[in-house]
2 protein chains.
Amino acid sequence: MPSLSASAYVVLGLLESGPATPYALDREIQRSVGHFWDFPRSQIYAEAARLVRRGLVTEEREAAGRRRRTLALTRAGRDTLAAWLTGPAEAATDVRDEGLLRLYFQQDAASDGEGVRRLAQAQVAAHRAKLAEYEAILVWAGAGDSAGVGPRFETPQAAALAFGMRFEELAVEFWTEVAEGGAGVVDPRGRGR
Amino acid sequence: MPSLSASAYVVLGLLESGPATPYALDREIQRSVGHFWDFPRSQIYAEAARLVRRGLVTEEREAAGRRRRTLALTRAGRDTLAAWLTGPAEAATDVRDEGLLRLYFQQDAASDGEGVRRLAQAQVAAHRAKLAEYEAILVWAGAGDSAGVGPRFETPQAAALAFGMRFEELAVEFWTEVAEGGAGVVDPRGRGR
DNA sequence: CCTATCATGTAATCCGTTACATGATTAT
DNA sequence: ATAATCATGTAACGGATTACATGATAGG
């Protein structure tokens with residue numbers, strides 16, 4: 001039996017706090033774990049079907065109307081999840097960023113870095129937007145205010161989201177430098193560190 | 001005609017510096033653009049086939065022996081690439097990180113954060129390794145040394161790789177804090193910023 | 001020469017995305 | 001009531017990964 005995909009564990013992980021419909025899972029993914037492991041809603045149906053086949057999840061459907069499903073963890077599902085959570089962690093991070101790709105392929109000579117600058121500005125805007133999203137989520141998640149040693153999150157969940165936020169900060173900083181410096185004037189280790 | 005995938009543009013982009021075999025492209029992807037848009041070698045064959053169908057790439061095969069292919073950009077391919085490089089950039093970054101996923105799902109209570117600590121330590125090691133990789137690549141790419149205002153890269157390629165490097169630095173920093181603080185003692189905005 | 005490693009290709013399968021279709025609910 | 005939006009499901013297609021198979025080359 002081939003091992004489960006990370007997406008499968010997302011489903012298992014979310015179901016641990018109780019039964020849910022695929023739609024509800026999707027909502028939760030969007031505002032939390034989707035920031036570092038995203039996939040479309042339709043995928044939840046596919047994953048759920050696989051998990052049911054393996055006996056890790058049960059599925060009940062309404063008889064009438066919308067015929068919606070309710071998914072729930074089985075005992076085996078809970079165990080599988082627990083094993084994954086405590087097992088060895090091999091898989092590396094992978095980042096897919098079309099902006100960096102485009103940056104990479106820009107011709108150095110192309111109109112004195114004008115293209116690079118525009119790309120960089122668009123990226124700054126996009127990452128700022130994502131930053132704002134994180135801020136909203138983290139406030140809602142119960143951060144205190146920002147003075148001094150400052151607020152501390154108390155759950156692993158919050159820590160994971162905090163990473164996402166720092167990533168966006170990094171991206172904003174990076175692309176700002178690129179926009180300012182134009183093509184090819186970037187200090188690889190950042191400024192003032 | 002549905003638009004090309006980013007992976008397709010990777011192939012086009014690399015072919016711009018001249019014809020190459022799929023294998024050679026793979027090598028180059030591994031040490032450069034693969035850091036922010038990775039895919040397996042077999043995918044190159046698939047992409048190449050699609051690109052040939054669209055007339056963006058030509059393919060020649062040896063008659064004998066290994067029957068290897070040589071891929072080359074057509075005029076149309078060059079144009080398509082140029083259009084992409086200068087067109088609007090919408091797609092957002094997506095990060096897939098199994099480590100963060102696991103962190104997210106850790107039970108706060110689970111043996112006083114022991115699991116979290118071990119996870120974090122493994123992540124630190126993995127990201128340190130990746131950092132070392134970047135350092136090797138960037139040295140080879142022609143960085144100067146590290147004093148003062150310091151070295152400046154002169155190509156967009158180097159800038160893109162520099163981002164990857166900063167990302168790894170961030171990850172090392174983050175997971176180190178998690179390892180030190182244990183489960184749920186993480187300042188979302190970092191320390192000393 | 002033999003073995004290990006590099007280089008190359010293909011196919012099967014699985015995963016993921018897009019697109020579509022329709023049932024419920026809320027606002028005007 | 002009607003339109004808009006939220007909630008829900010499915011199918012088809014295309015993309016990505018794994019596994020396998022084999023040709024060349026270099027080191028011993």
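Worth knowing before you read on, the calculation uses all heavy atoms, side chains too, and leaves out hydrogens, waters and symmetry mates. First the proteins, then the strands, lettered A, B, ... as listed; each starts at 1.
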Colleague: Quick one: salt bridge (charged side-chain N to carboxylate O under 4.0 Å, His left out) partners of B:Arg96, sequence neighbours excluded?
Modeller: none
Colleague: Within this structure, what is the CZ-to-P distance between B:Arg54 and D:dG14, rounded to whole angstrom?
Modeller: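 Nearest whole value for this atom pair: 10 Å.
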Colleague: Expressed as a whole number of angstroms, how long is the span from A:Ile29:CD1 to C:dG16:P?
Modeller: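 Nearest whole value for this atom pair: 12 Å.
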Colleague: What residues in residues 16-27 of chain B put a non-hydrogen atom under 4.0 Å from any atom of DNA chain D?
Modeller: none
Colleague: Is there side-chain contact between B:Leu51 and B:Leu71, with heavy atoms separated by less than 4.5 Å?
Modeller: no
Colleague: Once you build an axis from the first five pairs and another from the last five of the helix from C:dC1-D:dG28 to C:dT28-D:dA1, how far apart in angle are they, to 10 degrees?
Modeller: 30°
Colleague: Could you work out, with side-chain hydrogen bond (donor to acceptor under 3.5 Å, both in side chains) as the rule, every residue matching A:Gln43, not counting sequence neighbours?
Modeller: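 A:Gln43 satisfies side-chain hydrogen bond (donor to acceptor under 3.5 Å, both in side chains) with no other residue.
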Colleague: Can you tell me if A:Glu60 has over 12 outside heavy atoms packed within less than 6.0 Å of its CD?
Modeller: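 Not more than 12 within 6.0 Å, no.
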Colleague: Report the residues that fulfil side-chain hydrogen bond (donor to acceptor under 3.5 Å, both in side chains) with B:Glu133, sequence neighbours left out, ordered by chain and then residue number.
Modeller: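 Residues passing side-chain hydrogen bond (donor to acceptor under 3.5 Å, both in side chains) with B:Glu133: none at all.
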Colleague: Among residues two or more places apart or on two chains, list those pairs meeting salt bridge (Lys or Arg N to Asp or Glu O under 4.0 Å) that have a residue in residues 14-27 of chain A.
Modeller: none
Colleague: Among all residues two or more places apart in sequence or in another chain, which pass the ring pair (Phe, Tyr, Trp, His ring centres under 6.0 Å) test with A:Trp84?
Modeller: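 A:Trp84: ring pair (Phe, Tyr, Trp, His ring centres under 6.0 Å) contacts with A:Tyr9.
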Colleague: Rounding to an integer number of Å, can you tell me how far A:Ile44 CD1 sits from C:dT17 P?
Modeller: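 Spelled out: CD1 on A:Ile44 to P on C:dT17 is 12 Å.
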Colleague: Under 3.5 Å, which protein N or O atoms sit close to an N or O of nucleotides 16-20 of chain D? Give each pair with its distance.
Modeller:
from, atom 1, to, atom 2, distance (Å)
D:dA16, OP2, B:Gln43, NE2, 2.7
D:dA16, OP2, B:Glu47, OE2, 3.4
D:dT18, O4, B:Ser42, OG, 2.9

Colleague: Listed by chain and number, what are the side-chain contact (heavy atoms from CB on, under 4.5 Å) partners of B:Ala92, not counting sequence neighbours?
Modeller: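 Listed in chain order: nothing, the list is empty.
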Colleague: Any salt bridge (Lys or Arg N to Asp or Glu O under 4.0 Å) involving residues 70-83 of chain A? Give me the pairs, sequence neighbours left out, ordered by first then second residue.
Modeller: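 Every pair satisfying salt bridge (Lys or Arg N to Asp or Glu O under 4.0 Å) with a residue in residues 70-83 of chain A: A:Arg75-A:Asp79.
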Colleague: For B:Ser32, give me all partners under side-chain hydrogen bond (donor to acceptor under 3.5 Å, both in side chains), at least two apart in sequence or on another chain.
Modeller: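 Listed in chain order: A:Tyr104.
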Colleague: Rounding to a whole Å, what distance do you find between A:Tyr45:OH and C:dT17:C1'?
Modeller: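 For the pair A:Tyr45 OH and C:dT17 C1', the rounded distance is 15 Å.
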Colleague: Given atom CG of B:Leu71 and atom P of C:dA7, what is their separation to the nearest angstrom?
Modeller: 17 Å
Colleague: What ring-ring contact (aromatic ring centres under 6.0 Å, His included) pairs are there with at least one residue in residues 13-58 of chain A, not counting sequence neighbours?
Modeller: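 Sorted result for residues 13-58 of chain A: A:His35-A:Tyr134.
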Colleague: Does B:Arg68 put a side-chain nitrogen or oxygen below 4.0 Å from OP1 or OP2 of C:dT8?
Modeller: yes
